[in-house]
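FYI, side chains are in, hydrogens and waters are out, and symmetry mates aren't considered; it's all heavy atoms of this structure. Residue numbers start at 1 and run along the sequence shown.
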Amino acid sequence: MTLLQGALLGFALWTLAILTLTVGVHRWSHILTGRARIHEFPADAPAGPDWYKRGTRAHLNCVENLPVFSAIVLTAPAAAQQTPLIDGLAIAFLGFRIAQSTTHIAFKETARTVSIRFSCFMLQVAIMIALVVLLWWR
């Protein structure tokens, strides 16, 4: 497995971890202790503590971006590319993704935390664009 593929796998695992540790823990702990029924979690209006709502949004944000990163990573073998720069960008992407999600879940929304999240997101976008450029022109 290449580092680029490892970053993709890491992103997928991070997405599953957020789902399990936020949405899953909250919902299943309520269901299994009888505090809620399985059908009492409306998808269009998450109810619960703020960290749970932020966790739901962080998970959805990962789900939205995972296909884009996947498409980029999956084109790398076709472009016959494997360079330290590409590997480094992929690892940096994963780091910024983890930082964005962690900030989203762990901290209440303030101007500072939203700025940090947005900065992490924009760095991810810049990295994906850089990867596309590197893969396209090599």
task: Would you please classify the geometry between the His26 ring and the Trp51 ring as parallel, tilted or perpendicular, with 30° and 60° separating the classes?
output: perpendicular
If you round to the nearest 0.5 Å, how far is [atom2] of [Y] from [atom1] of [X]?
X	Y	atom1	atom2	value
Ile116	Thr103	CD1	OG1	5.5 Å
His104	Thr22	NE2	OG1	10.5 Å
His59	Ile105	NE2	CD1	10.0 Å
Leu89	Leu123	CG	CG	11.0 Å
Leu94	Leu8	CG	CG	9.5 Å
Ile127	Ile86	CD1	CD1	13.0 Å

Considering non-hydrogen atoms only, spot the tightest contact between [X] and [Y] and give its length.
X	Y	answer
Gly48	Lys53	O-CE, 3.1 Å
Phe107	Arg54	O-NE, 3.2 Å
Cys62	Ile18	SG-CD1, 3.8 Å

Is it the case that one hydrophobic cluster holds both [X] and [Y], taking links as side-chain heavy atoms less than 4.5 Å apart, direct or via other members?
X	Y	result
Tyr52	Ile38	yes
Val68	Leu134	yes
Phe11	Ile91	no
Leu66	Leu9	no
Val132	Val73	yes

Notebook entry, point to check: Are any side-chain N or O atoms of Thr75 and backbone N or O atoms of Ile72, one a donor and one an acceptor, separated by less than 3.5 Å?
Noted result: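 Indeed, once roles are kept as given, a pair shorter than 3.5 Å links the two residues.
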Does any N or O in the side chain of Ser101 come within less than 3.5 Å of the main-chain N or O of Ala58, such that one atom is a donor and the other an acceptor? no
Using side-chain heavy atoms (C-beta onward) and a distance below 4.5 Å, is [X] in contact with [Y]?
X	Y	value
His30	Phe41	yes
Phe96	Val125	no
Asn65	Gln124	no

Requested in this report: Kindly indicate, with the supporting measurements, whether the criterion side-chain contact (heavy atoms from CB on, under 4.5 Å) is fulfilled by Phe93 and Leu4.
Outcome: CA-CA 10 Å; Phe93 175 89; Leu4 189 60; over 6 Å; no
Margin query: Would Glu109 and Arg117 count as a salt bridge (Lys or Arg N to Asp or Glu O under 4.0 Å) here? Give the steps.
Written below: CA-CA 10 Å; Glu109 291 181 349; Arg117 282 186 1 228; 3.5 Å; yes
(request) Tell me yes or no: between the side chains of Thr33 and Arg35, is some donor less than 3.5 Å from an acceptor? (result) yes
